Amino acid sequence: MLPPSYHKDKEEKTMRALVLVVVLLATIATFSHAGPPPRQVHNISGVNCLSWRLGVESNNIRDWTMVPQQCEGYVGHYMLGHQYRDDCISVAISAVQYAKNATLAHDGNDIWVFDIDETTLSNLPYYARSDVAFGATKYNATKFDAWVSEGRAPAVPGAVHLYTTLLSLGIEPVFLSGTKSEFRKVRIANLKKAGYSHWKTLILKGANDTGTAVEYKSKKRTELVKKGYRIIGNIGGQWSDLLGDNAGARTFKLPDPMYYIA
Ligand SMILES: *[C@@H]1O[C@H](CO)[C@@H](O)[C@H](O)[C@H]1NC(C)=O
Ligand SMILES: *[C@@H]1O[C@H](CO)[C@@H](O)[C@H](O)[C@H]1NC(C)=O
Ligand SMILES: *[C@@H]1O[C@H](CO)[C@@H](O)[C@H](O)[C@H]1NC(C)=O
Ligand SMILES: *[C@@H]1O[C@H](CO)[C@@H](O)[C@H](O)[C@H]1NC(C)=O
C-alpha cells in the first residue's frame, strides 16, 4: 500500500512541472518574436553551402556526384582563399603532434600511408578551370587524365612538412593512390618536383585492382600489414582512404569538397 501522502506529493510535482513547461513555452515565444532569424549568409537559393560542406567532410553526405550548382562560388572561394590552406595546415599539425608522440619500433617497419590526390598533390589548378568549376560540372576522365599527365600538381599545404617530419622520426612513407598505374612515371616525377623524394613503396591502381576505393585500399593495406609493416598513421582527402580494413592506428582527413570517391 502506498501512503495517502504519496498521491498528494505526486499531484503537486505534476503541477510544478506543468507550471515550468508553461513558463518555458512563454519564454521561447517571447524570444522567437524578438526579431528576424539569423541571416543565412551561406544559404544561396535554398542550399546552405556551409552545411553541405560540413556534411561532406563529416561523411554524413555520401555518393554525391557534383558540387551543387549554387555552391560553385562558395567552394571556389573556400578552396582559393586562406581557409582551405589553414584547414590543411591544421590537419598536418595534428598529424605531426600525433606522430611525434607515437610509440615506434625503429625497425624500419613503421609506415605512414599517404593518399596522393588532395593529400600530397593538389589538383586545385585543374579544378579552378572554368569548365571544371570546382567540381560543379560532371567529372570528365579524359580531361582529368590529361591534367595528371602534365605532372605539375603542386603540394597540398602542410603535406611536405608532415612528410619530412615523419622521415626525421623514422616513419617510412607509403603512397597508396587510386591513380592508374599507367601514370606511374609522371606521378613519380610530379611527387619529386613537389618535394617528396623518398618512399617505402608507391602503390598505384593496376588493371586487376577492381572494386571500390575502400575495397582496393583495404586490400593493399592488408598486404602491407601481412608483410610486417605497422601503419602508424593514414592520411587522405576522401573517407574511402580512411575506412575499411587496417586503416591504421590513427587516420587524418584532409578537406576536399570538390569530389567524392566511394
Ligand atoms: C535557405 O533559404 C531558403 C529560402 O531561400 C529556405 O527555404 C531554407 O529553409 C533555408 N535553409 C537553411 C538551411 O537555412
Ligand atoms: C602521448 O602519448 C601518451 C602515451 O602513449 C598518451 O597518454 C598521451 O595522451 C599522448 N599525448 C598526445 C598529445 O597525443
Ligand atoms: C571530356 O573532355 C574531352 C576533352 O576536353 C571532350 O572532348 C569530351 O567531349 C568530354 N566528354 C564529356 C562526356 O563531356
Ligand atoms: C591480371 O590478372 C590476369 C589473370 O589472372 C593475369 O594474367 C595478369 O598478369 C594480371 N595483371 C597484373 C598487372 O597483375
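Position 1 is the first residue of the sequence; numbering continues from there. Just so it is clear, the model here is predicted, and its values are computed rather than measured. Only heavy atoms go into these numbers, but all of them, side chains included; no hydrogens, no water, no symmetry mates. Note that ligands are numbered from 1 as they come in the structure, with each ligand's atoms numbered from 1 the same way.
Considering backbone and side-chain atoms alike, Asn140 places an N or O below 3.5 Å from some N or O of ligand 3.
A cation-pi arrangement is found for Lys205 relative to Tyr216, the charged atom lying closer than 6.0 Å to the ring centre and inside a 45° cone about the ring normal. A cation-pi contact, defined as under 6.0 Å to the ring centre and within 45° of the axis, is absent between Arg62 and Tyr260.
Using the six-membered ring where Trp is involved, Trp112 and Tyr98 have ring planes that are tilted, between 30° and 60° apart.
With respect to Lys217 and Asp241, a salt bridge is recorded, a charged nitrogen being found less than 4.0 Å from a carboxylate O.
Partners of Tyr126 according to the side-chain hydrogen bond (donor to acceptor under 3.5 Å, both in side chains) rule, which considers only residues two or more places apart in sequence or in another chain, do not exist here.
Closer than 4.0 angstrom to ligand 4 by heavy atom are Asn208, sorted by chain and number.
Under the 6.0 Å cut-off for aromatic ring centres, Tyr196 and Phe114 do not qualify, their centroids lying 6.0 Å or more apart.
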